[in-house]
Amino acid sequence: MSGSSARRVYSALLRRQLTLALRRPVQLLNPALFFAIVIVLFPLGLGPAPDTLSLFAGGILWIVALLANMLGAETLFQGDYDDGSLDQLLIAEQPLYFLVMPYLLVHWLISGLLLALLSPLFALMLGLPSAGVGVLMASLALGSGVMSVLGAIGAALTVGLRRGGMLVAFLVTPFYMPVLIFGAGAVRAAVDGLPFAPYLALLGAMFSLALALGPAAIAAALRISADA
């Protein structure tokens, strides 16, 4: 299979996933709406005191971003499984490693990059100091990429199972924890005037590792689910 043919297949899959996302605006906006609703509710639970909200703002934003990312992961391959498209991917001539990447990219755009771009607005609502806003955006952009890969692995393992959403959460939540720790730690370090670059470097390394190994794990998980 030539490289130009592989690129055409990849581009077609990417356009398909973007088109499907745009045709389902509710699903497209679900992570952002969930993010917004929970952020608005937090001041009601913690109290409106600016000092209290500012102290926990970085951690709150990261926890909500994690939950929003997980929200869309469970249905990542479900539609293709239901209509038989997944079977076509499994028998395609192109390596499945590359065919799952458009799914990851679109999921990251919706539940990762979009939330990273919106995060300054919600950071201001929670009183996060301006020193932490840029670091928050960078850490969310990197960390959400890792979470998208991890969520896709869980979704691939549970595709076709009834009530697979709870199982996805059970499988991937422990692996989300290092991302949450380093992401929130980067924001906290920036707010406190401490070096935050090491945290971002660790998130970047985790992102690179997830991007290199994650598609292979997703491909293997899809084949296991298809054979089950």
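If you read the sequence from its start, that first residue is 1, and numbering goes on from there. No hydrogens, no waters, no symmetry mates; every other heavy atom, side chains included, goes into these values.
Val135 and Val187 get closest at one heavy-atom pair: CG1-N, 4.0 Å. Closest non-hydrogen pair, Val133 versus Pro120, comes out as CG1-CB, 3.7 Å. Closest approach of Ser148 and Ser111 over heavy atoms only: OG-OG, 4.1 Å. In terms of heavy-atom proximity, Ala184 sits nearest to Gly59 at CB-CA, 4.2 Å. For Ala141 against Ala116, the heavy-atom pair with the smallest separation is N-CB, 4.0 Å. Across all non-hydrogen atoms, the minimal contact from Leu203 to Gly183 is CD1-CA, 3.9 Å.
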| How far apart are the C-alpha atoms of Phe35 and Leu118, what are their side-chain angles, what is the distance that settles it, and do they pass the side-chain contact (heavy atoms from CB on, under 4.5 Å) test? | CA-CA 9 Å; Phe35 196 79; Leu118 292 175; 5.5 Å; no

| field | Intermediate values then yes/no, side-chain contact (heavy atoms from CB on, under 4.5 Å), Asp87 and Ile91 | value | CA-CA 7 Å; Asp87 293 331; Ile91 63 174; 6.0 Å; no

| task | Show your reasoning for whether side-chain contact (heavy atoms from CB on, under 4.5 Å) applies to Met147 and Phe175. | result | CA-CA 8 Å; Met147 292 190 294; Phe175 299 99; over 6 Å; no

| said: Show, in sequence, the C-alpha distance, side-chain angles and deciding distance for Met206 and Leu142, and conclude whether the side-chain contact (heavy atoms from CB on, under 4.5 Å) test is met. | reply: CA-CA 9 Å; Met206 294 169 66; Leu142 291 171; over 6 Å; no

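Side-chain atoms of Leu136 and Trp62, non-hydrogen and from C-beta on, do get closer than 4.5 Å to each other. Looking at Val38 and Leu67, their side chains never come closer than 4.5 Å, going by heavy atoms from C-beta outward. Annotation: side chain of Leu18 is in contact with side chain of Leu109 (closest heavy-atom distance under 4.5 Å).
From Leu90, atom CG reaches atom CZ of Arg223 across 5.5 Å, with rounding to the nearest 0.5 Å. Atom CG of Leu99 sits about 12.0 Å away from atom CD1 of Ile218, to the nearest 0.5 Å. Atom-to-atom distance recorded for Leu104:CG and Leu211:CG is 8.0 Å, nearest 0.5 angstrom. Atom-to-atom distance recorded for Leu76:CG and Ile153:CD1 is 11.5 Å, nearest 0.5 angstrom. Rounding to the nearest 0.5 Å gives a distance of 12.5 Å between CZ of Phe182 and OG of Ser139. Remark: Ile39 CD1 to Ile37 CD1 distance equals 11.5 Å, nearest 0.5 Å.
Clustering ILVMFWY residues whenever any of their side-chain heavy atoms sit less than 4.5 angstrom apart, transitively, puts Val40 in the very cluster that holds Leu114. No chain of hydrophobic side-chain contacts below 4.5 Å, direct or via other Ile, Leu, Val, Met, Phe, Trp or Tyr residues, connects Phe98 to Leu209. Residues Ile110 and Leu117 fall within the same hydrophobic cluster, defined by Ile, Leu, Val, Met, Phe, Trp and Tyr side chains chained together at heavy-atom separations under 4.5 Å.
Here the side chain of Trp108 pairs no donor or acceptor atom with the backbone of Val149 at under 3.5 angstrom.
Every pair passing side chain to side chain donor-acceptor pair (under 3.5 Å) that includes a residue from residues 171-185 is listed here, sequence neighbours excluded: Asn69-Tyr176. Identified under the side chain to side chain donor-acceptor pair (under 3.5 Å) test for residues 182-197, with sequence neighbours left out: Arg188-Asp192.
Every residue was checked against the ring-ring contact (aromatic ring centres under 6.0 Å, His included) condition with Tyr199, not counting sequence neighbours, and none meets it.
Ring-plane geometry between Phe77 and Tyr103 is classed as tilted, the angle between the planes lying from 30 to 60 degrees on a 0 to 90 degree scale.
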